[in-house]
Asker: 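Pasting in a structure now, in structure tokens, and then I'll have a few things to ask.
Keep in mind that the numbers below use all heavy atoms, side chains included, and drop hydrogens, waters and symmetry copies. In what follows, chains carry the letters A, B, and so on, assigned in the order in which the sequence lines appear, proteins first and then strands, with residues in each chain numbered from 1.
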Amino acid sequence: MSPHYQLHTDLLNWYRHNHRELPWRENSSPYRVWLSEIILQQTRVDQGLPYYLKFVDHYPTVRHLAEADLDLVLKDWQGLGYYSRARNMHQCAQVVMDQFNGEFPKSASELAKLPGIGPYTASAIASICFQEPTAVVDGNVFRVVARLTNSNIPINSTEGKRYFATEAHHLLNPVDPGTHNQAMMELGALVCTPRNPSCPVCPLRLYCDGLKNNRVDELPVKMGKSVRRTRYFNYLVVQTDCLFIRQRLDRDVWFMLHDFPLVETEEKVNNWSEVISLFQTKYDLDLGNDTNLLDPVHEKHILSHQTIQATFWRLQPKSIRFGADSNIFEADLEDIEERYAVPILIKNYLSNLNAK
DNA sequence: AACACGGGGGC
DNA sequence: GCCCCAGTGTT
């Protein structure tokens, strides 16, 4: 019998009575578990749930997803963030179709070779769908184990990753690893929360060294985060019947999403003449006479590693032309709504445009 | 080993 | 308005 038998029993009893009813937990196929895990990486359940339902609806099987157009997949993903997840998910579906005959591999080590599937997602699918005894280590598990073991090792250090993965493996319930893993994560989400955890009702309170030492509020320990750089985006918004947009194809944030013709500057640009000059240089912009120049709109958009100070330079030209080698094209609002994925910064701007 | 990659919620 | 959350891939 496992030395953690009583802990396992208490945890599973708590899970049985307190877990949330979520669609991917009923009749879970590997495809649906995979879909939910990809969507829920770095994403709260509340935010990811509507996306999960949309993807199951639009792409009921891995074949549907594999055969779908990437731009439409990105459009369905719009707003979730970390768009490489959508690209890797799409590619993964194609690999599963082409190389695995439409069936997900059953072991964590095989799963981890697929695009977008790392150690966490591989363990989640293998344990939940195929009962492989492999421990998941997500942010919840890091926190639960750090408190349980009263460990000061930073969870985002190399040593921490190794240590907490080892500890999570020792804690794993070999009888039902899939449910155990889900219970650990659910405990972190509902009870052992980052702030104001509910220790008095925690099923593991009697086993928790952090609680015994009154150190729950100090755990887990984390190393300092890097600084955020500031970038200045100058967007040219051509307000005619259509809008001029472009797909972002450089190696940069929001890869493959769409925004407006853009000149990035080191400093904030404050006047129209400088903006027009910059666009003439970069895009070979040809602006007719009698162009109506409107007041610029300023928006600040904060990402995890950068702060984007965006200025929307709005103009209403009689005629306008961009150089032939740019990938700028015209689309109306309806097209953008239906077909072209845009960052939230752009979506919000367009929404305000509509409201006025 | 360090960095890049979004967006939303809590206080 | 600021702080926090956090898997995977790339360099």
Asker: Taking the same atom, P, in C:dA6 and in B:dC11, what whole-Å distance lies between them?
Answerer: 15 Å
Asker: For B:dC5, does either OP1 or OP2 sit under 4.0 Å from a side-chain N or O belonging to A:Q306?
Answerer: yes
Asker: From CD1 of A:I117 over to C1' of C:dG7, roughly how many Å is that when rounded to an integer?
Answerer: 12 Å
Asker: Would you please confirm or rule out a distance under 4.0 Å between OP1 or OP2 of B:dC11 and any side-chain N or O of A:N196?
Answerer: yes
Asker: Would you mind classifying the nucleic acid contact of A:N348 as base, sugar-phosphate or nothing, using non-hydrogen atoms under 4.0 angstrom?
Answerer: nothing
Asker: Provide, to the nearest angstrom, the distance between the CD1 atom belonging to A:I155 and the P atom belonging to C:dC4.
Answerer: 12 Å
Asker: Would you mind reading off the distance between A:L49 atom CG and B:dG9 atom C1', rounded to a whole angstrom?
Answerer: 17 Å
Asker: Of all the nucleotides listed (B:dG8, C:dT8, C:dA6), which has the minimum atom distance to the side chain of A:I344?
Answerer: B:dG8
Asker: In terms of ring plane angle, is the pair A:Y283 and A:F322 parallel, tilted or perpendicular, where the classes change at 30° and 60°?
Answerer: perpendicular
Asker: If I pick the P atom on B:dG6 and the same atom on C:dT11, what distance separates them, to the nearest angstrom?
Answerer: 15 Å
Asker: Under 4.0 Å, counting only non-hydrogen atoms across every strand here, what does A:S84 touch: a base, just sugar-phosphate, or nothing?
Answerer: nothing
Asker: Has A:T121 got a side-chain N or O lying under 4.0 Å from the OP1 or OP2 atom of C:dT8?
Answerer: yes
Asker: Are A:E67 and A:R63 within salt-bridge range, i.e. N to O under 4.0 Å?
Answerer: yes
Asker: Just to confirm, is there a sub-4.0 Å distance from OP1 or OP2 of C:dC5 to any side-chain nitrogen or oxygen of A:K222?
Answerer: yes
Asker: Does A:P194 or A:N88 map to a spot on DNA chain C nearer the 5' end, using the closest nucleotide for each?
Answerer: A:P194
Asker: Using a strict cut-off of less than 4.0 Å between a Lys/Arg side-chain nitrogen and an Asp/Glu carboxylate oxygen, indicate whether A:K75 and A:D71 qualify as a salt bridge.
Answerer: no
Asker: With a cut-off of less than 4.0 Å, is there a side-chain N or O of A:W77 near OP1 or OP2 of B:dC5?
Answerer: no
Asker: Roughly, in whole Å, what's the span from NZ in A:K347 to P in B:dG8?
Answerer: 9 Å
Asker: Round to a whole Å and report the spacing from CG of A:L80 to P of B:dG8.
Answerer: 9 Å
Asker: Answer with base, sugar-phosphate or nothing: what part of the nucleic acid does A:R143 contact at a heavy-atom distance below 4.0 Å?
Answerer: sugar-phosphate
Asker: C:dT8, B:dG6, C:dC2: which one has an atom nearest the side-chain heavy atoms of A:K300?
Answerer: C:dC2
Asker: Can you tell which of C:dT11, C:dT8, C:dG7 lies closest to the side chain of A:P119?
Answerer: C:dT8
Asker: How is A:Y120 classified with respect to the nucleic acid when contacts are heavy atoms under 4.0 Å: base, sugar-phosphate, or nothing?
Answerer: sugar-phosphate
Asker: By nearest heavy atom, map A:R44 and A:A112 onto DNA chain C; which one lands nearer the 5' end?
Answerer: A:R44
Asker: Send over the distance from A:Q41 CD to C:dG9 C1', rounded to a whole Å.
Answerer: 11 Å
Asker: In Watson-Crick or G-U wobble terms, both distances under 3.5 Å, what is the partner of B:dC5?
Answerer: C:dG7
Asker: Can A:D259 and A:R246 be counted as an ion pair, charged N to O under 4.0 angstrom?
Answerer: yes
Asker: What contact category does A:N156 fall into here, base, sugar-phosphate, or nothing, at under 4.0 angstrom with non-hydrogen atoms?
Answerer: nothing
Asker: For C:dG7, does the base pair up with any side-chain atom of A:Q42 as donor and acceptor (N or O, under 3.5 Å, distance only)?
Answerer: yes
Asker: To the side chain of A:R195, which of B:dA1, B:dG10, B:dG6 is closest?
Answerer: B:dG10
Asker: Please state how far atom CZ in A:R251 lies from atom C1' in B:dC3, giving the value in whole angstrom units.
Answerer: 12 Å
Asker: Decide, yes or no, whether a salt bridge links A:D57 with A:K54 under the criterion of side-chain N to carboxylate O below 4.0 Å.
Answerer: no
Asker: Between A:Q47 and A:D252, name the one whose nearest nucleotide on DNA chain B is closer to the 5' end.
Answerer: A:D252
Asker: Reckon A:H301 has a side-chain N or O less than 4.0 Å from the OP1 or OP2 of B:dG7?
Answerer: yes
Asker: Send over the distance from A:Y82 OH to C:dA6 C1', rounded to a whole Å.
Answerer: 7 Å
Asker: Does A:F255 reach a base, just sugar-phosphate, or nothing at all? Heavy atoms under 4.0 Å.
Answerer: nothing
Asker: Return yes if some donor-acceptor pair links the side-chain N/O of A:R147 with the main-chain N/O of A:L219 below 3.5 Å, else return no.
Answerer: yes
Asker: How do A:L303 and A:D46 order along DNA chain B: which one's closest nucleotide is nearer the 5' end?
Answerer: A:L303
Asker: Within the structure shown, what part of the strands sits under 4.0 Å from A:I302 by heavy-atom distance: base, sugar-phosphate, or nothing?
Answerer: base
Asker: Decide, yes or no, whether a salt bridge links A:D46 with A:R20 under the criterion of side-chain N to carboxylate O below 4.0 Å.
Answerer: no
